[in-house]
Amino acid sequence: MSAAGAVFGDLRPDFPLLAASPKLVYLDSAATSQKPRVVLDAIREFYETANANPHRGAYKLSGAATDAYHGARATIAKFLGASDTDTLIFTRGTTESLNLLASAWGHSHVHRGDRIVVTRLEHHANFVPWQQLARAVGAEFRICELNEVGQVDLGQLRALVTANTKVVAFGHVSNALGTVNDVREIVKIAHAVGAVAFCDGAQGAPHLRVGFDALGVDAYAFSGHKMLGPMGIGGVIVRRKLLDAMPPYQFGGDMIEFVFDGDTTWNTLPYKFEAGTPNVEGAVGLAAAVRYLDGLGMDAVRAHEVELSRYALARLGEIDGIVVHGPVTAEERSGVVSFSLGDIHPHDLSTMLDVDGVCVRAGHHCAQPLMRALKVTATVRASFYVYNTTADIDALAASLRKAKERFGAHVG
Amino acid sequence: MPTSADGGAGLAALYQERILDHYRRPRHKGALERATGVHSVKNPLCGDDVTVAVLERDGVVVDARFTGTGCSIMQAAASMLMELVRGRTRSEIDALSQRFDEMLAGGEPDDSLGEMSALAGVAAFPARHKCARLPWRALAETVDGRR
């Protein structure tokens with residue numbers, strides 16, 4: 001392996017924040033990614049050349065804004081492998097997407113005595129909405145446990161997904177451990193009993209080729225800001241027949257067809273689920289981001305991350321006292337390595353790494369039910385993306401060794 | 001360039017030996033029989049928690065102990081705080097709490113805080129202020145919410 005590492009050359013010059021801080025070691029892309037210049041340029045260009053409220057005015061400029069918004073939807077849908085463009089609903093991000101599903105689909109399709117199944121890996125955003133739906137309607141809420149390396153126990157899942165199960169909600173990739181789930185198998189288990197399979201793709205879409213049409217899931221939620229796009233934009237792709245059978249999620253402008261004094265009819269897809277003035281700059285920025293990713297190629301992105309993960313597992317493995325949580329091999333995980341170092345508290349570690357310019361996440365990773373199962377209160381998580389190199393991992397390892405020395409005897 | 005504090009010097013101040021000593025050998029850690037007030041608080045950011053129990057007699061804290069899990073800063077702060085509050089009245093504790101907050105805001109060690117003045121180095125790490133304040137928050141509730 002070359003010093004820069006892996007599949008691409010050094011992409012840092014494409015990312016203004018990283019280019020301006022050559023010593024910064026950014027290893028928290030699972031929280032949010034850095035943004036390439038092309039994304040920032042696209043947002044600026046929209047405001048400088050096409051800004052107006054889409055779908056509103058009969059004037060040309062509004063038409064330009066409408067075109068920009070729709071063009072972005074088409075670009076992103078294609079990138080995610082969805083042929084039915086208008087089934088991609090823009091939201092603020094994965095959290096809103098999952099709330100949309102739990103609220104609009106859930107309240108109209110899940111009833112007393114039904115069952116909802118999630119997994120122990122879920123981020124709170126794919127856990128709490130379903131837990132609260134179950135409480136509200138009197139449904140059962142069941143959690144599928146993991147095997148000893150942090151993968152969904154498919155045998156247990158088969159047993160849990162009974163005939164009264166209406167939905168299986170699961171992540172494509174775990175944000176806390178990096179586990180890549182066997183989506184097709186989980187879908188098969190859900191569909192065998194007529195349940196829908198909803199996938200939280202917040203950590204999947206940035207790192208893996210999604211291929212929505214072939215994946216088999218009934219809905220796939222994602223966030224733009226984790227895949228080089230801006231914050232505040234994301235979406236959910238949902239099978240058309242489910243969207244048609246769901247009531248709107250929010251009411252307001254754009255989502256209506258006719259408003260009478262006593263009742264209202266709904267607009268067609270995707271507008272039925274997009275109330276109010278949309279986040280056009282976000283959509284345009286995200287479209288630029290997926291074009292950038294397309295330029296790299298998602299297979300190459302995946303290969304790059306597997307290589308970085310493999311390198312990280314090897315380097316961290318050389319440090320006495322490091323315990324890595326989650327799957328054993330780089331191939332079984334996304335670019336996430338979650339670990340503990342002796343009895344050093346993750347916040348102490350994170351502070352010490354920060355002083356060396358190494359940004360990692362310390363905490364429960366919005367997955368408290370998972371942390372309880374791992375019997376830790378928190379872990380340190382390093383996560384990689386296209387702009388990271390083996391040099392970043394070397395810096396992480398060096399900083400960890402220093403931290404260990406400072407805390408001395410209590411490690412190991 | 002967004003890094004905390006001033007590199008190694010800040011870190012040395014944050015993790016000075018006095019703090020690490022309290023972390024490794026916490027004082028007054030454990031349950032307190034016949035406590036007159038007990039309160040637990042959690043730091044939702046990291047899941048850390050601390051429980052403070054006090055025994056007050058005639059308006060004076062005569063004993064104080066803590067239990068809980070957390071980072072070195074939280075543990076050291078709790079250990080030092082238990083020492084600091086023995087023999088103090090509630091209004092004295094309130095005044096000390098105020099001085100502690102001022103120390104975190106300003107970064108200058110405050111001798112009236114005893115060993116806790118060693119935590120002045122936390123000032124340079126805003127992300128860690130919560131850790132140092134956590135035991136104070138628990139303590140305030142035990143005093144206010146006397147059973």
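Here is the naming used below: chain letters follow the sequence lines, and residue numbers restart at 1 for every chain.
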**Q** Answer yes or no: does atom CD of Glu108(B) have more than 12 heavy-atom neighbours from other residues, nucleotides or ligands under 6.0 Å?
**A** no
**Q** Might you confirm whether atom CZ of Arg99(B) has over 12 heavy atoms from other residues, nucleotides or ligands at distances under 6.0 Å?
**A** no
**Q** Which pair of heavy atoms, one from Arg24(B) and one from Arg406(A), lies closest together, and at what distance?
**A** NH2-O, 3.8 Å
**Q** With a 4.5 angstrom heavy-atom cut-off, is it the side chain or the backbone of Ser72(B) that approaches chain A, or both, or neither?
**A** both
**Q** Tell me, for Asp49(B) versus chain A, whether the close heavy atoms (under 4.5 Å) come from the side chain, the backbone, both or neither.
**A** neither
**Q** If we ignore hydrogens and angles and just use 3.5 Å, is the side chain of Asp348(A) paired with the main-chain N or O of Cys71(B) as donor and acceptor?
**A** no
**Q** Heavy-atom pairs under 4.5 Å with chain B - which of His347(A), Lys402(A), His365(A) has more of them than the others?
**A** His347(A)
**Q** Could you pull out all residues at least two apart from Tyr292(A) that satisfy ring-ring contact (aromatic ring centres under 6.0 Å, His included)?
**A** Phe15(A)
**Q** Quick one: pull up CD1 in Ile344(A) and OH in Tyr23(B) and give me the separation to the nearest 0.5 Å.
**A** 7.5 Å
**Q** Show me the side-chain donor-acceptor pairs of residues 366-375 of chain A shorter than 3.5 Å, one per line, residues at least two apart or across chains.
**A**
| from | atom 1 | to | atom 2 | distance (Å) |
| --- | --- | --- | --- | --- |
| Gln368(A) | NE2 | His364(A) | NE2 | 3.3 |

**Q** Give a yes or no on whether Arg86(B) atom CZ has more than 12 heavy-atom contacts from other residues, nucleotides or ligands under 6.0 Å away.
**A** yes
**Q** Hey, is CZ on Arg65(B) packed in by over 12 heavy atoms from elsewhere, all under 6.0 Å?
**A** yes
**Q** Do you know which of Ile73(B), Val122(B), Leu14(B) makes side chain to side chain contact (heavy atoms under 4.5 Å, CB included) with Thr351(A)?
**A** Leu14(B)
